[in-house]
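Okay, structure first, notes after.
Numbers restart at 1 for each chain; the letters A, B, ... are given by sequence-line order, proteins then strands. Everything numeric here is computed off the predicted structure, so don't read it as measured data.
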2 protein chains.
Amino acid sequence: MQTAAPIVTTPAIAPLTRGIPARREFAVPSGEGAQRRADPDTAARIAETMKLLVEVLEVKRRVVRAGDLVYRAGEAFTSLHILNSGLFKLLSSSAEGREQVVGLRFRGDWLGFCGIAKGRYTCDAVAMDTGEVWTVRYDALLRACAEHPELMEVMHAAMSHEMMRDRDVLISICTLPADARVVAFLHYWADSLASRGLRTDQISLRLTRAEIGNYLGLTLETVSRVLSKLARAQLIAFNERNRRDICIPDFHALDAFIQRREAAAGLH
Amino acid sequence: MQTAAPIVTTPAIAPLTRGIPARREFAVPSGEGAQRRADPDTAARIAETMKLLVEVLEVKRRVVRAGDLVYRAGEAFTSLHILNSGLFKLLSSSAEGREQVVGLRFRGDWLGFCGIAKGRYTCDAVAMDTGEVWTVRYDALLRACAEHPELMEVMHAAMSHEMMRDRDVLISICTLPADARVVAFLHYWADSLASRGLRTDQISLRLTRAEIGNYLGLTLETVSRVLSKLARAQLIAFNERNRRDICIPDFHALDAFIQRREAAAGLH
DNA sequence: CGTAACATTGATCGGGTTCAATCTGCGTGG
DNA sequence: CCACGCAGATTGAACCCGATCAATGTTACG
């Protein structure tokens with residue numbers, strides 16, 4: 001059982017200088033040749049959302065560290081959470097006790113939608129790194145939405161976005177073989193970082209092989225084997241002292257690798 | 001390419017007597033011993049939502065028949081749709097052209113959330129039976145939500161509900177073996193009908209084996225084999241002249257069957 | 001009656017799981 | 001400091017579930 005992180009309340013009009021920055025991934029050896037370009041659209045959209053929230057609502061800011069829970073399944077739903085920084089995973093444990101990673105969240109994403117329907121959260125939200133969570137009461141949010149239609153639109157867009165993302169995951173899992181799923185996962189992870197303006201020349205996966213496998217409907221051994229194969233093919237490179245941190249020199253080559261396998265399977 | 005269904009506009013205050021009733025499943029041979037009890041909560045919630053909509057918004061009613069599209073991927077998003085009756089499937093075709101069934105929808109469900117984020121629908125919504133769709137303009141809905149907080153809550157709850165449902169599907173696909181997935185599917189289908197007050201003593205699957213398989217991440221042959229096995233074990237019974245219509249005499253026995261398999265797998 | 005879409009069933013194959021052994025890094029306590 | 005334990009990761013070998021390939025059956029419909 002983790003202990004709750006300290007809660008820090010700041011005035012709603014606090015300057016929008018970023019919260020606690022996430023820990024540096026690790027030392028970068030050479031240049032930033034493999035840096036994936038950031039998506040200015042997404043970044044702007046996120047910044048605007050955060051700004052709107054602070055202007056219109058009372059936001060409780062809370063610093064979390066790796067392992068902290070933002071909320072827990074079964075807990076009464078009263079608030080939604082918007083991520084200012086950090087990396088988070090959503091864990092859902094089914095009736096029979098089997099745990100499942102059902103989502104990954106980043107800066108700008110919302111947490112807690114699952115609680116609206118039934119008045120209780122239905123999954124755990126766990127920080128995977130230092131980060132800052134902005135919490136708003138749902139009732140206050142509803143009121144604010146009524147007065148600020150643009151806030152309502154932003155919120156709906158966030159929900160819609162989350163649905164589409166989940167759908168993509170489902171399609172990947174239903175249609176792709178193991179190695180393509182792992183590659184899709186790496187892509188998603190890197191894109192998520194890139195679109196938030198984080199560096200992707202080297203990325204820390206932060207999830208164990210077991211968690212990645214769980215998320216992708218694979219076993220940890222399969223994930224490990226695929227990663228080893230990709231490393232052997234020089235499509236990814238492990239950090240030499242930590243197999244959780246990888247470098248993707250050429251995303252295009254990664255895609256090509258998968259396409260080639262699909263083509264090879266399709267031609268006969 | 002299907003042709004669009006005729007559009008029928010009715011005054012917003014039209015009486016709430018049900019629209020065109022769905023075609024009778026098929027003749028029921030004996031009694032209703034296997035009838036699954038309806039969920040009065042869900043039914044009430046749906047009725048209330050529908051009432052609220054007509055009271056507060058201009059609703060365009062449209063009768064659809066099997067095969068009609070409510071909307072199509074790529075089409076500009078302007079409206080959301082609420083299902084008054086009928087059965088619908090959501091089809092998403094990925095970039096590489098592979099089609100995927102990404103959801104099933106029933107009376108009371110909303111269609112079109114996927115369009116909010118990007119301003120375009122990202123999947124096809126296809127009627128699987130005669131039904132009635134209520135369409136509301138999204139901009140009008142936003143305005144109405146601002147004035148009627150209860151409408152906003154209902155809409156958010158619908159989105160939240162959809163997310164949780166998708167999550168359940170994901171968990172099923174990630175963690176269950178083939179036969180358990182098929183059983184889970186049957187359960188979901190029957191529960192969906194039951195909670196809408198439809199009869200479940202005999203149910204028409206309406207999807208081909210290929211579509212069921214696609215939805216569950218299985219091949220059509222596997223689905224067929226599992227259904228045959230369940231029929232052999234007398235856990236389901238096919239209608240004697242149509243293998244798409246089945247009868248589930250005892251849901252509890254179905255569950256037990258799956259539990260037993262899991263237990264057998266787990267003990268060694 | 002002929003054709004096409006859907007479904008069933010069998011035989012075979014293979015990708016991914018399962019089981020098992022080993023390795024690595026890391027924190028802990030003697 | 002080192003020994004120890006432990007969680008995570010890797011790798012190999014055998015197996016098995018579900019996919020694939022193929023043939024046949026069934027229903028619907030012009």
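Listed candidates were C:dA7, D:dT10, D:dG18. Nearest to the side chain of B:Pro177 is D:dG18. Of the candidates C:dT17, D:dA19, C:dA7, C:dA7 carries the atom nearest the B:Arg209 side chain, counting heavy atoms from C-beta on. Considering only side-chain atoms of B:Ser224, the nucleotide from C:dT17, D:dG18, C:dT8 that sits closest is C:dT8. If you check D:dA9, D:dG18, D:dT20 against the side chain of B:Ala178, the one that comes closest is D:dG18. When each of C:dT17, D:dA9, C:dA7 is scored by its nearest atom to the side-chain atoms of A:Thr208, the top-ranked nucleotide is D:dA9.
Partners of B:Arg105 according to the side chain to side chain donor-acceptor pair (under 3.5 Å) rule, which considers only residues two or more places apart in sequence or in another chain, are B:Glu162. Scanning for salt bridge (charged side-chain N to carboxylate O under 4.0 Å, His left out) contacts around A:Arg225 gives an empty result, with sequence neighbours left out. A search for side chain to side chain donor-acceptor pair (under 3.5 Å) contacts involving B:Thr222 returns B:Thr219, not counting sequence neighbours. In terms of the side chain to side chain contact (heavy atoms under 4.5 Å, CB included) criterion, residue partners of A:Ala210 (sequence neighbours excluded) are, by chain and number, A:Thr208, A:Leu220. B:Tyr71 meets the side chain to side chain donor-acceptor pair (under 3.5 Å) test with no other residue; sequence neighbours excluded. Residues meeting the side chain to side chain donor-acceptor pair (under 3.5 Å) test with B:Asp168, sequence neighbours left out: none.
Taking the side chain as every heavy atom from C-beta outward, A:Arg199 and A:Leu193 never approach each other to under 4.5 Å. Counting heavy atoms from C-beta on, the side chains of B:Leu230 and B:Ile246 never come closer than 4.5 Å. Contact check for A:Arg98 versus A:Asn214: no side-chain heavy atoms found under the 4.5 Å cut-off. Two residues are said to be in side-chain contact when any heavy atoms from C-beta on lie closer than 4.5 Å; B:Phe185 and B:Leu104 meet this criterion. A 4.5 Å side-chain heavy-atom check between B:Ile248 and B:Ile203 finds at least one atom pair inside the cut-off. With a 4.5 Å cut-off on side-chain heavy atoms, A:Leu207 and A:Tyr215 do not count as touching.
Rounded to a whole Å, the CD1 atom of A:Ile236 is 9 Å from the P atom of D:dT10. In this structure, CG of B:Leu230 is placed 16 Å from P of C:dA7, rounded to the nearest angstrom. Going from atom CD1 of B:Ile212 over to atom C1' of C:dA5 covers 15 Å, rounded to whole Å. Rounded to an integer number of Å, the gap from B:Arg181 CZ to D:dG18 P is 7 Å. Atom-to-atom, CG of B:Leu216 to P of D:dG18 comes out at 12 Å; the value is rounded to the nearest Å. Atom CG of A:Asp245 is separated from atom P of C:dG25 by 13 Å (rounded to the nearest Å). In this structure, A:Glu211 places its CD atom 14 Å from C1' of D:dA9, rounding to the nearest Å. Taking atom CZ on B:Arg243 and atom C1' on C:dA5, their separation rounds to 16 Å, with Å as the unit.
Side-chain polar atoms of B:Asn239 and B:Asn242 form no donor-acceptor pair below 3.5 angstrom.
Here A:Thr222 lies in heavy-atom contact (under 4.0 Å) with a base. Looking at heavy-atom distances under 4.0 Å, B:Gly213 makes no contact with the nucleic acid at all. Using a 4.0 Å heavy-atom distance criterion, B:Leu220 is classed as a base contact. As judged by a 4.0 angstrom heavy-atom cut-off over every strand, B:Ser228 is placed among residues touching the sugar-phosphate backbone only.
Sequence neighbours left out, not one pair with a member in residues 233-243 of chain B passes salt bridge (Lys or Arg N to Asp or Glu O under 4.0 Å). The list of salt bridge (Lys or Arg N to Asp or Glu O under 4.0 Å) pairs with a residue in residues 175-187 of chain A, not counting sequence neighbours, reads A:Asp179-A:Lys229, A:Asp179-A:Arg261.
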Output one line per pair: protein atom, nucleotide atom from nucleotides 13-16 of chain D, and distance, for all N/O pairs under 3.5 Å.
{"unit_1": "D:dA13", "atom_1": "N6", "unit_2": "A:Arg225", "atom_2": "NH2", "d": "3.4"}

Protein and nucleotides 25-30 of chain D: nitrogen or oxygen contacts under 3.5 angstrom:
none

N/O contacts under 3.5 Å, protein versus nucleotides 22-24 of chain D?
none

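Where the helix from C:dC1-D:dG30 to C:dG30-D:dC1 starts and where it ends, the local axes point in directions that differ by 30°; five pairs per end, rounded to 10°.
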